[in-house]
Amino acid sequence: MPRPGRRLVGFALCGALVGAVGCAPRVATLVQHKHYREAVCAAHDGGPTRRRLVAGALAGDTELYLHVAPVERDELAGIVGAAAAERVLERVQLVRITTRKNALPLDDFALTLTVKGDNDAAAAAPLGWQVLGVATGEKIPAQREYETRATIGNLLRVAGAVLTAGASLPFTRFKTRRWTGDAPRSEYERNMPIAAAMLDALGPVRCDPDRLRCTFHFVFDRSPDARWWLDAQATYVAESEPAGESCRLEHTVRVGLGRADEWGERFGPRMRRSDELGARTIATAWQRGEP
Amino acid sequence: MSGHGSWLLACALAGGGPGAAPAPAEGPGEAQGPAVPPPRTIEEQGPSPYHYRKPPEPPGAAFRLGFGGSFAASRGLPPPRTRFTLDVLLGLDVGLARGSKAGVLIEGGYSYAYGGQHFFVLGAGPTVRHFGPTLGLGRRGQLVAGLLAHGLFGKVAGQRAGGVRTSVVFHALAWMIEVGHQYVAVGEQSGHEVRLTLGVSFFELGGRRS
């Protein structure tokens, strides 16, 4: 029979070992108790079974709802006038996609949408200057050449000149950095007043302050026979150590939207759960480290 | 209007314009739309553990090639008293816990010293990892220090020999320095030596899985 002193030493050694090594929580328990920050990092570091478990639980608790409907002529006429609305809707279809999700205990949780047609002639893009140029027929300002002499290299050259009391100046060539970029916003607004009004009124994305309910606006090609697909990518983020790094899951589901003329019947006046619309997972990507 | 398809696709890929979103990501503003059940707030049940958010410490590999000298601290060993030394050691680096600087290094290899000293070396000991400056590599310190105990098995001047070596080792980037004490027994003779080794090293601190 061991002496009490020896037993105490044994307990102390075991305690020290457990303290040093630590005990890993079970991933199933993390999911069950909604500890999703821990679960995302645990799934990243684990195998496919853990990853499936965590991705499935997150997708289930996200409870994504969707609604797709065209922006009606009258609404657009209220923004840009009847004639301009007529002209825009002859060229393209303006589509409003509304999403709703739950709030999850994570450090960041964002949703990104992409829309695709079932053939090359059917494309869709989020509302922006370039696509609105196509939609409105307004001229997109050409890109501009910009230049500056305020560069790090020139700053060092100035410092060199100061330190050498100007002796380095005869041997110094200050350089100009040139690049091509978009024209200033004011020029876009001047050249493209209809597009500017649409962007102001609709924007590519508008969300509630808590970012749980958002409205995305897309420009669709007017292609009556095209069948459309919506890919919704949810990005779940948990901040991790060392500071500045994170664990991320990008979970993408694909929802078939059907033809544009079916949306009224398919969605009606209320939003539909993504699984009710036949959403299926098409990609999951796990990352750990710097974003 | 099928021609617009390729235009829209090109525009979507190009992004474009000042203030335009290159991809539809959520942002502040005001949402509107059809009826939907109100969003729920999923809350954690109890305080969250903090384990997996610490950086993982999978086993890493270590290698060092060191050149240096040993200096006999007693007269018990066959001459010369000062020897050139060469060490080639491979190791396994194991972190003790996530996010902890504590680790264990196990290493083994070959150790030569001028005067016909050939030893197979096997050792282990505690290490402190990821400390010091990051040296521009990642967000964790790049220095490793270890206190290692080694067993020595081999020959000195053709005679069977054995001994023990205790070393303090520092690794930084591709460089290492080792200061050690060695006790060697050769037949009836035995003695102490002090060793100083400089060399190149490779120390992978538990490579990240992605």
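Predicted model only: the values in this text are computed from it and were never measured. Within every chain, numbering begins at 1; the chains are lettered A, B, ... in the order of the sequence lines, protein sequences first and strands thereafter.
- Side-chain N or O atoms of B/Tyr52 include none that pairs as donor or acceptor with a backbone N or O of A/Ser240 at under 3.5 Å.
- When the shell of 6.0 Å around CZ of A/Arg273 is examined, it contains more than 12 heavy atoms from other residues, nucleotides or ligands.
- Heavy atoms of A/Pro105 lying under 4.5 Å from chain B belong to its backbone as well as its side chain.
- A donor-acceptor distance shorter than 3.5 angstrom exists from the side chain of A/Arg100 to the backbone of B/Pro38, with no hydrogens or angles considered.
- Here the shortest heavy-atom pairing between A/Arg213 and B/Val36 reads NH1-CG1, 3.0 Å.
- When each of A/Arg270, A/His33, A/Glu239 is scored by its heavy-atom pairs under 4.5 Å with chain B, the top score falls to A/His33.
- A salt bridge is absent between B/Arg53 and A/Asp107; no separation between the charged side-chain nitrogens and carboxylate oxygens falls under 4.0 Å.
- When heavy atoms are compared at a cutoff of 4.5 Å, A/Leu30 approaches chain B solely by way of its side chain, counted from C-beta outward.
- Using a 4.5 Å cut-off between heavy atoms, A/Gln32 contacts chain B through its backbone alone, with no side-chain atom that close.
- Heavy-atom distances place both the backbone and the side chain of B/Pro37 under 4.5 Å from chain A.
- The structure places CD of A/Glu241 at 3.5 Å from OH of B/Tyr50, a figure rounded to the nearest 0.5 Å.
- For CZ of B/Phe170, the number of neighbouring non-hydrogen atoms (other residues, nucleotides, ligands) closer than 6.0 Å is 12 at most.
- The two residues B/Arg98 and A/Arg288 have their closest heavy-atom pair at NH1-NH1, 3.7 Å.
- Remark: B/Glu43 CD to A/Leu104 CG distance equals 11.5 Å, nearest 0.5 Å.
- In plain terms, the two heavy atoms of A/Pro269 and B/Pro34 that are nearest each other are O-CB, 3.1 Å.
- Looking at A/Ala243, the atoms closer than 4.5 Å to chain B (heavy atoms on both sides) all sit in the backbone: N, CA, C or O.
- With values rounded to the nearest 0.5 angstrom, B/His51 atom NE2 is found 9.0 Å from A/Asp45 atom CG.
- Between atom NZ of residue A/Lys34 and atom CD of residue B/Glu44 there is a gap of 11.0 Å, rounded to the nearest 0.5 Å.
- Heavy atoms closer than 4.5 Å to chain B are found in the side chain of A/Glu290, but not in its backbone.
- The shortest non-hydrogen separation linking B/Pro49 to A/Glu38 is O-CG, 3.1 Å.
- Annotation: maximal heavy-atom pairing with chain B below 4.5 Å, among A/Ala238, A/Ala226, A/Gly244, A/Ser246, occurs at A/Gly244.
- When B/Ser48, B/Pro47, B/Gly46 are compared by the number of non-hydrogen pairs under 4.5 Å with chain A, B/Ser48 comes out ahead.
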